[in-house]
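Ligands are counted one by one from 1 in listed order, and the atoms in each one are counted from 1 as well.
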Amino acid sequence: MVEMSYKPLGKSGLELSIIGFGASPLGNEFGETDLNEGIRAVHYAIERGINYFDTAPYYGRGLSEERLGKALKGYRDKVILATKVGRYDKTDFDFSALRVNRSFEESLRRLQTDHIDLLQVHDIEFGNSEQIIGETLPALVELKQAGHVRAISITGYPLYNLKKVAEAFSQIDAILSYCRYNLLDTSLDDVLTPFAKEKGLGLINASPLHMRALTQLGAPDWHPAPKRVIQKAKEAAEYCQQQSKDIALLAMQFALAHPYVSSTLVGMFSVEQVEQNLAALDTQPDLTFLAEVQRLLEPVKNSHWLEGRLENNDPGSVPKGS
Ligand code: NAD
(Lines give C-alpha, C1' and ligand atoms only; values in the text may rest on other atoms or scores of the structure.)
Protein backbone atom coordinates (compact mmCIF):
# COMPACT_ATOMS: atom_id res chain seq x y z
CA MET A 1 0.00 0.00 0.00
CA VAL A 2 1.46 3.37 -1.07
CA GLU A 3 1.81 5.87 1.77
CA MET A 4 -0.01 9.18 1.51
CA SER A 5 2.09 12.09 0.22
CA TYR A 6 1.83 15.70 1.35
CA LYS A 7 2.48 18.92 -0.55
CA PRO A 8 2.85 22.51 0.60
CA LEU A 9 -0.09 24.81 -0.06
CA GLY A 10 1.94 27.58 -1.66
CA LYS A 11 3.79 29.54 1.01
CA SER A 12 1.04 29.14 3.63
CA GLY A 13 3.03 26.70 5.77
CA LEU A 14 0.19 24.14 5.47
CA GLU A 15 1.07 20.70 4.11
CA LEU A 16 -1.93 19.03 2.51
CA SER A 17 -2.43 15.36 1.73
CA ILE A 18 -2.50 15.04 -2.06
CA ILE A 19 -6.05 13.65 -1.76
CA GLY A 20 -8.43 15.91 0.17
CA PHE A 21 -11.80 14.94 1.64
CA GLY A 22 -14.63 17.05 0.18
CA ALA A 23 -17.49 17.15 2.64
CA SER A 24 -20.28 18.47 0.41
CA PRO A 25 -21.76 14.94 0.16
CA LEU A 26 -22.00 14.93 4.00
CA GLY A 27 -24.42 17.85 3.54
CA ASN A 28 -26.55 15.62 1.27
CA GLU A 29 -25.68 17.67 -1.81
CA PHE A 30 -25.65 14.51 -3.94
CA GLY A 31 -28.58 12.79 -2.15
CA GLU A 32 -29.28 11.47 1.37
CA THR A 33 -26.24 10.13 3.19
CA ASP A 34 -25.98 8.38 6.52
CA LEU A 35 -24.37 10.31 9.41
CA ASN A 36 -22.69 7.27 10.96
CA GLU A 37 -21.27 6.10 7.63
CA GLY A 38 -19.99 9.64 7.06
CA ILE A 39 -18.28 9.66 10.47
CA ARG A 40 -16.69 6.28 9.73
CA ALA A 41 -15.50 7.63 6.35
CA VAL A 42 -13.85 10.65 8.01
CA HIS A 43 -12.11 8.47 10.62
CA TYR A 44 -10.95 5.99 7.99
CA ALA A 45 -9.63 8.83 5.80
CA ILE A 46 -7.59 10.18 8.74
CA GLU A 47 -6.28 6.69 9.51
CA ARG A 48 -5.11 6.40 5.88
CA GLY A 49 -3.29 9.76 5.97
CA ILE A 50 -5.84 12.22 4.58
CA ASN A 51 -5.35 15.40 6.60
CA TYR A 52 -7.27 17.95 4.52
CA PHE A 53 -11.05 18.36 4.91
CA ASP A 54 -13.13 20.92 3.03
CA THR A 55 -16.63 22.09 3.91
CA ALA A 56 -18.81 25.23 3.69
CA PRO A 57 -21.90 26.74 5.35
CA TYR A 58 -23.62 26.28 1.96
CA TYR A 59 -23.28 22.47 1.87
CA GLY A 60 -26.58 21.23 3.27
CA ARG A 61 -27.12 24.75 4.72
CA GLY A 62 -24.96 23.99 7.76
CA LEU A 63 -25.44 20.20 7.77
CA SER A 64 -22.03 19.37 6.27
CA GLU A 65 -20.22 21.52 8.85
CA GLU A 66 -22.30 20.08 11.71
CA ARG A 67 -21.61 16.50 10.65
CA LEU A 68 -17.92 17.15 10.00
CA GLY A 69 -17.68 18.82 13.42
CA LYS A 70 -19.13 15.68 15.03
CA ALA A 71 -16.80 13.41 13.06
CA LEU A 72 -13.71 15.46 13.95
CA LYS A 73 -14.33 15.38 17.72
CA GLY A 74 -11.03 14.19 19.19
CA TYR A 75 -9.28 14.46 15.80
CA ARG A 76 -9.25 18.22 15.29
CA ASP A 77 -5.49 18.62 15.82
CA LYS A 78 -4.77 15.95 13.19
CA VAL A 79 -6.43 17.78 10.31
CA ILE A 80 -6.29 20.87 8.14
CA LEU A 81 -9.84 22.16 8.25
CA ALA A 82 -11.14 24.39 5.46
CA THR A 83 -14.46 26.17 5.32
CA LYS A 84 -15.90 29.18 3.50
CA VAL A 85 -17.80 32.45 3.73
CA GLY A 86 -20.01 34.33 1.29
CA ARG A 87 -22.38 31.68 -0.07
CA TYR A 88 -25.34 30.53 2.01
CA ASP A 89 -27.86 29.08 -0.45
CA LYS A 90 -28.32 28.66 -4.20
CA THR A 91 -29.06 32.35 -4.64
CA ASP A 92 -28.13 33.70 -1.19
CA PHE A 93 -24.77 35.47 -1.23
CA ASP A 94 -23.41 38.06 1.16
CA PHE A 95 -19.80 39.15 0.80
CA SER A 96 -19.96 41.98 3.37
CA ALA A 97 -17.37 42.08 6.17
CA LEU A 98 -20.18 41.99 8.74
CA ARG A 99 -21.54 38.72 7.34
CA VAL A 100 -18.02 37.26 7.01
CA ASN A 101 -17.49 37.67 10.74
CA ARG A 102 -20.94 36.32 11.68
CA SER A 103 -20.57 33.38 9.30
CA PHE A 104 -17.13 32.60 10.69
CA GLU A 105 -18.51 32.46 14.26
CA GLU A 106 -21.37 30.20 13.10
CA SER A 107 -18.91 27.88 11.34
CA LEU A 108 -16.71 27.63 14.46
CA ARG A 109 -19.77 26.62 16.47
CA ARG A 110 -20.98 24.01 13.97
CA LEU A 111 -17.47 22.62 13.48
CA GLN A 112 -16.85 22.56 17.27
CA THR A 113 -13.51 24.30 16.95
CA ASP A 114 -11.84 27.59 17.86
CA HIS A 115 -9.90 28.15 14.64
CA ILE A 116 -10.00 27.41 10.91
CA ASP A 117 -6.90 26.41 8.98
CA LEU A 118 -8.04 27.62 5.58
CA LEU A 119 -10.84 30.17 5.23
CA GLN A 120 -12.09 30.75 1.70
CA VAL A 121 -14.39 33.18 -0.07
CA HIS A 122 -16.95 30.88 -1.69
CA ASP A 123 -17.74 31.23 -5.40
CA ILE A 124 -16.43 34.74 -5.95
CA GLU A 125 -18.00 34.97 -9.42
CA PHE A 126 -21.35 35.62 -7.69
CA GLY A 127 -19.98 38.76 -6.07
CA ASN A 128 -18.92 42.20 -7.14
CA SER A 129 -15.14 41.88 -7.56
CA GLU A 130 -14.55 45.33 -6.11
CA GLN A 131 -16.33 44.27 -2.91
CA ILE A 132 -14.46 40.93 -2.78
CA ILE A 133 -11.12 42.75 -3.12
CA GLY A 134 -11.94 45.82 -1.03
CA GLU A 135 -14.08 44.36 1.77
CA THR A 136 -14.41 40.55 1.88
CA LEU A 137 -10.76 39.58 1.60
CA PRO A 138 -9.56 42.31 4.01
CA ALA A 139 -12.03 40.85 6.58
CA LEU A 140 -10.37 37.44 6.10
CA VAL A 141 -6.92 39.02 6.52
CA GLU A 142 -8.07 40.48 9.83
CA LEU A 143 -9.17 37.05 11.03
CA LYS A 144 -5.78 35.69 9.99
CA GLN A 145 -3.88 38.49 11.72
CA ALA A 146 -5.90 37.86 14.88
CA GLY A 147 -4.75 34.23 14.81
CA HIS A 148 -8.19 32.69 14.17
CA VAL A 149 -7.29 31.50 10.67
CA ARG A 150 -4.01 30.16 9.28
CA ALA A 151 -4.47 30.74 5.55
CA ILE A 152 -6.98 32.39 3.23
CA SER A 153 -8.11 31.76 -0.31
CA ILE A 154 -10.75 32.25 -2.98
CA THR A 155 -12.87 29.62 -4.72
CA GLY A 156 -14.92 29.56 -7.89
CA TYR A 157 -15.54 28.24 -11.39
CA PRO A 158 -14.56 30.89 -13.99
CA LEU A 159 -10.76 30.85 -14.21
CA TYR A 160 -9.97 34.36 -15.42
CA ASN A 161 -12.03 35.87 -12.61
CA LEU A 162 -10.07 33.90 -9.99
CA LYS A 163 -6.85 35.09 -11.62
CA LYS A 164 -8.01 38.71 -11.77
CA VAL A 165 -8.93 38.79 -8.06
CA ALA A 166 -5.72 36.97 -7.06
CA GLU A 167 -3.70 39.49 -9.06
CA ALA A 168 -5.44 42.41 -7.37
CA PHE A 169 -5.22 40.99 -3.83
CA SER A 170 -1.77 39.58 -3.22
CA GLN A 171 -2.34 38.50 0.40
CA ILE A 172 -4.20 35.29 -0.48
CA ASP A 173 -2.40 32.00 0.09
CA ALA A 174 -4.22 29.80 -2.40
CA ILE A 175 -6.91 29.35 -5.04
CA LEU A 176 -9.49 26.55 -5.17
CA SER A 177 -10.86 25.80 -8.63
CA TYR A 178 -13.43 23.10 -9.41
CA CYS A 179 -14.28 21.06 -12.51
CA ARG A 180 -11.40 22.61 -14.46
CA TYR A 181 -8.81 19.85 -14.28
CA ASN A 182 -10.13 16.38 -14.96
CA LEU A 183 -10.81 14.04 -17.90
CA LEU A 184 -13.38 16.51 -19.29
CA ASP A 185 -11.60 19.81 -18.80
CA THR A 186 -7.95 20.76 -18.43
CA SER A 187 -8.22 24.51 -18.87
CA LEU A 188 -6.85 25.06 -15.35
CA ASP A 189 -3.45 24.64 -16.99
CA ASP A 190 -4.13 27.34 -19.57
CA VAL A 191 -4.99 30.00 -17.00
CA LEU A 192 -4.34 29.34 -13.32
CA THR A 193 -1.50 26.82 -13.10
CA PRO A 194 1.18 29.04 -14.70
CA PHE A 195 -0.08 32.02 -12.69
CA ALA A 196 -0.13 30.14 -9.36
CA LYS A 197 3.34 28.76 -10.05
CA GLU A 198 4.74 32.20 -10.85
CA LYS A 199 3.25 33.73 -7.69
CA GLY A 200 3.97 30.74 -5.43
CA LEU A 201 0.26 30.35 -4.66
CA GLY A 202 -1.29 27.10 -3.50
CA LEU A 203 -3.65 25.49 -6.00
CA ILE A 204 -6.45 23.10 -5.06
CA ASN A 205 -8.18 21.07 -7.75
CA ALA A 206 -11.72 20.21 -6.64
CA SER A 207 -14.25 17.91 -8.32
CA PRO A 208 -11.87 15.50 -10.10
CA LEU A 209 -14.95 13.38 -10.91
CA HIS A 210 -16.61 16.43 -12.48
CA MET A 211 -19.26 16.37 -9.75
CA ARG A 212 -20.05 12.70 -10.33
CA ALA A 213 -20.29 12.91 -14.15
CA LEU A 214 -17.15 10.76 -14.30
CA THR A 215 -18.60 7.84 -12.32
CA GLN A 216 -20.66 4.78 -13.11
CA LEU A 217 -23.67 6.36 -11.39
CA GLY A 218 -23.42 9.47 -13.55
CA ALA A 219 -24.15 13.16 -13.01
CA PRO A 220 -26.89 14.30 -10.61
CA ASP A 221 -29.99 16.01 -12.13
CA TRP A 222 -28.78 19.44 -11.05
CA HIS A 223 -25.43 19.15 -12.86
CA PRO A 224 -24.82 22.46 -14.69
CA ALA A 225 -22.74 21.08 -17.58
CA PRO A 226 -24.15 21.22 -21.12
CA LYS A 227 -26.23 18.12 -21.94
CA ARG A 228 -23.75 16.89 -24.56
CA VAL A 229 -21.01 16.85 -21.89
CA ILE A 230 -23.16 14.71 -19.58
CA GLN A 231 -24.02 12.41 -22.51
CA LYS A 232 -20.37 11.96 -23.52
CA ALA A 233 -19.35 11.30 -19.92
CA LYS A 234 -22.08 8.64 -19.74
CA GLU A 235 -20.80 7.01 -22.93
CA ALA A 236 -17.25 7.04 -21.54
CA ALA A 237 -18.41 5.47 -18.26
CA GLU A 238 -20.24 2.73 -20.21
CA TYR A 239 -17.17 2.13 -22.35
CA CYS A 240 -15.04 1.74 -19.21
CA GLN A 241 -17.56 -0.67 -17.72
CA GLN A 242 -17.50 -2.80 -20.90
CA GLN A 243 -13.72 -3.04 -20.46
CA SER A 244 -14.18 -3.94 -16.76
CA LYS A 245 -12.64 -0.63 -15.72
CA ASP A 246 -13.89 2.06 -13.35
CA ILE A 247 -14.02 5.54 -14.86
CA ALA A 248 -13.82 7.10 -11.38
CA LEU A 249 -10.49 5.37 -10.72
CA LEU A 250 -9.15 6.53 -14.10
CA ALA A 251 -10.34 10.08 -13.38
CA MET A 252 -8.62 10.08 -9.97
CA GLN A 253 -5.37 8.71 -11.42
CA PHE A 254 -5.48 11.40 -14.11
CA ALA A 255 -6.06 14.26 -11.65
CA LEU A 256 -3.46 13.03 -9.16
CA ALA A 257 -0.75 13.07 -11.82
CA HIS A 258 -0.93 16.89 -11.94
CA PRO A 259 2.58 18.17 -11.15
CA TYR A 260 1.68 21.47 -9.44
CA VAL A 261 -1.72 21.08 -7.73
CA SER A 262 -1.28 20.77 -3.93
CA SER A 263 -4.32 18.59 -3.36
CA THR A 264 -7.04 16.89 -5.40
CA LEU A 265 -10.27 17.43 -3.50
CA VAL A 266 -12.85 14.69 -3.98
CA GLY A 267 -16.31 14.51 -2.39
CA MET A 268 -16.90 11.37 -0.30
CA PHE A 269 -19.37 10.03 2.23
CA SER A 270 -18.48 6.36 2.79
CA VAL A 271 -15.54 4.17 3.78
CA GLU A 272 -15.92 2.38 0.44
CA GLN A 273 -15.45 5.62 -1.52
CA VAL A 274 -12.41 6.62 0.54
CA GLU A 275 -10.96 3.19 -0.17
CA GLN A 276 -11.75 3.44 -3.90
CA ASN A 277 -10.18 6.88 -4.24
CA LEU A 278 -7.08 5.96 -2.26
CA ALA A 279 -6.60 3.05 -4.68
CA ALA A 280 -5.63 5.69 -7.26
CA LEU A 281 -2.43 6.23 -5.26
CA ASP A 282 -1.47 2.57 -5.54
CA THR A 283 -2.08 2.11 -9.24
CA GLN A 284 -0.98 3.65 -12.51
CA PRO A 285 -3.46 4.19 -15.34
CA ASP A 286 -3.20 2.00 -18.41
CA LEU A 287 -1.97 4.74 -20.77
CA THR A 288 -3.43 3.22 -23.94
CA PHE A 289 -6.81 2.92 -22.26
CA LEU A 290 -6.56 6.46 -20.87
CA ALA A 291 -5.87 7.76 -24.40
CA GLU A 292 -8.93 5.89 -25.71
CA VAL A 293 -11.19 7.46 -23.07
CA GLN A 294 -9.68 10.90 -23.71
CA ARG A 295 -10.37 10.46 -27.45
CA LEU A 296 -13.98 9.62 -26.66
CA LEU A 297 -14.37 12.76 -24.56
CA GLU A 298 -12.45 15.02 -26.97
CA PRO A 299 -15.55 16.44 -28.76
CA VAL A 300 -16.77 18.04 -25.50
CA LYS A 301 -13.43 18.82 -23.89
CA ASN A 302 -13.15 22.15 -22.04
CA SER A 303 -16.85 23.01 -22.57
CA HIS A 304 -17.67 25.36 -19.74
CA TRP A 305 -20.88 26.88 -18.50
CA LEU A 306 -21.94 30.26 -17.10
CA GLU A 307 -21.71 30.73 -13.33
CA GLY A 308 -22.42 33.87 -11.34
CA ARG A 309 -22.43 37.38 -12.76
CA LEU A 310 -22.14 37.54 -16.53
CA GLU A 311 -19.17 39.89 -16.41
CA ASN A 312 -17.17 37.42 -14.29
CA ASN A 313 -17.37 34.56 -16.79
CA ASP A 314 -14.71 33.09 -19.04
CA PRO A 315 -14.97 33.70 -22.79
CA GLY A 316 -16.98 30.98 -24.54
CA SER A 317 -19.13 29.98 -21.52
CA VAL A 318 -22.53 28.53 -22.45
CA PRO A 319 -25.77 28.60 -20.41
CA LYS A 320 -26.09 25.91 -17.71
CA GLY A 321 -27.62 22.63 -18.89
CA SER A 322 -27.80 23.88 -22.52
P1 NAD B 1 -16.46 15.28 -7.15
O2 NAD B 1 -16.04 15.40 -8.54
O3 NAD B 1 -15.45 15.08 -6.11
O4 NAD B 1 -17.58 14.14 -7.09
C5 NAD B 1 -18.21 13.80 -5.89
C6 NAD B 1 -19.32 12.81 -6.17
O7 NAD B 1 -18.76 11.58 -6.62
C8 NAD B 1 -20.12 12.46 -4.91
O9 NAD B 1 -21.45 12.16 -5.29
C10 NAD B 1 -19.44 11.19 -4.42
O11 NAD B 1 -20.34 10.41 -3.69
C12 NAD B 1 -19.04 10.52 -5.71
N13 NAD B 1 -17.83 9.69 -5.57
C14 NAD B 1 -16.71 9.95 -4.88
N15 NAD B 1 -15.80 9.00 -5.04
C16 NAD B 1 -16.34 8.08 -5.89
C17 NAD B 1 -15.89 6.87 -6.46
N18 NAD B 1 -14.67 6.40 -6.21
N19 NAD B 1 -16.72 6.20 -7.28
C20 NAD B 1 -17.95 6.66 -7.58
N21 NAD B 1 -18.44 7.80 -7.07
C22 NAD B 1 -17.65 8.52 -6.23
O23 NAD B 1 -17.32 16.61 -6.84
P24 NAD B 1 -17.52 17.50 -5.55
O25 NAD B 1 -17.89 16.71 -4.36
O26 NAD B 1 -18.40 18.61 -5.98
O27 NAD B 1 -16.08 18.16 -5.34
C28 NAD B 1 -15.21 17.74 -4.30
C29 NAD B 1 -15.20 18.69 -3.13
O30 NAD B 1 -14.57 19.92 -3.52
C31 NAD B 1 -16.58 19.12 -2.62
O32 NAD B 1 -17.10 18.14 -1.75
C33 NAD B 1 -16.25 20.42 -1.94
O34 NAD B 1 -15.68 20.16 -0.68
C35 NAD B 1 -15.18 21.01 -2.87
N36 NAD B 1 -15.75 21.92 -3.89
C37 NAD B 1 -15.67 23.26 -3.66
C38 NAD B 1 -16.24 24.14 -4.57
C39 NAD B 1 -16.17 25.61 -4.29
O40 NAD B 1 -15.60 26.01 -3.28
N41 NAD B 1 -16.70 26.46 -5.12
C42 NAD B 1 -16.88 23.69 -5.72
C43 NAD B 1 -16.91 22.32 -5.94
C44 NAD B 1 -16.33 21.45 -5.02
> So which protein heavy atom does atom 40 (O) of ligand 1 come closest to, and at what separation?
T155 OG1, 3.0 Å

> What I want to know is whether G156 and ligand 1 share at least one N or O pair that is separated by under 3.5 angstrom.
no

> Please could you name the atoms of ligand 1 that S207 approaches to less than 4.0 Å, counting only its heavy atoms?
1 (P), 2 (O), 3 (O), 23 (O), 24 (P), 26 (O), 27 (O), 28 (C), 43 (C), 44 (C)

> Please report which non-hydrogen protein atom sits nearest to atom 5 (C) of ligand 1, along with the residue it belongs to and the distance in Å to one decimal place.
G267 O, 3.7 Å

> Closest non-hydrogen protein atom to atom 18 (N) of ligand 1, residue and atom name please, with distance?
N277 OD1, 2.9 Å

> In terms of residue, atom name and distance, what is the protein heavy atom nearest to atom 37 (C) of ligand 1?
Y59 OH, 3.1 Å

> N/O to N/O below 3.5 Å, does that happen between D123 and ligand 1?
yes

> Using distance alone, determine whether Y178 and ligand 1 share an N or O pair under 3.5 Å.
no

> Measure the distances from the heavy atoms of Y157 to every atom of ligand 1 and state whether one is below 4.0 angstrom.
no

> Which heavy atom of the protein is the closest neighbour of atom 33 (C) of ligand 1, given with residue, atom name and distance?
D54 OD2, 3.4 Å

> Below 4.0 Å, non-hydrogen atoms only: which portion of P208 touches ligand 1? Side chain, backbone, both or neither.
both

> For H258, which of T264, N205, D189 qualifies under side-chain hydrogen bond (donor to acceptor under 3.5 Å, both in side chains)?
D189

> What residue among R150, K144, Q120 forms side-chain hydrogen bond (donor to acceptor under 3.5 Å, both in side chains) with D173?
K144

> Among protein heavy atoms, which sits nearest to atom 31 (C) of ligand 1, and what does the distance come to when rounded to 0.1 Å?
S24 OG, 3.5 Å

> Return yes or no for this condition: an N or O of F30 is under 3.5 Å from an N or O of ligand 1.
no

> Which one of L265, L209, T55, T215 has a non-hydrogen atom at the shortest distance from atom 16 (C) of ligand 1?
L209

> Name the option, out of Q273, E125, R87, that contains the heavy atom nearest to atom 12 (C) of ligand 1.
Q273

> Validate the cation-pi geometry between R87 and Y58: distance from NZ or CZ to the six-membered ring centre under 6.0 Å, angle to the ring axis within 45°.
yes

> List the closest protein heavy-atom neighbour of atom 17 (C) of ligand 1: residue, atom name, distance to the nearest 0.1 Å.
Q276 OE1, 3.5 Å

> With atom 7 (O) of ligand 1 as the reference point, say which of R212, Q120, H122 has the nearest heavy atom.
R212

> Testing T55, D123, D54 one by one against K84 for a side-chain hydrogen bond (donor to acceptor under 3.5 Å, both in side chains), which residue passes?
D54

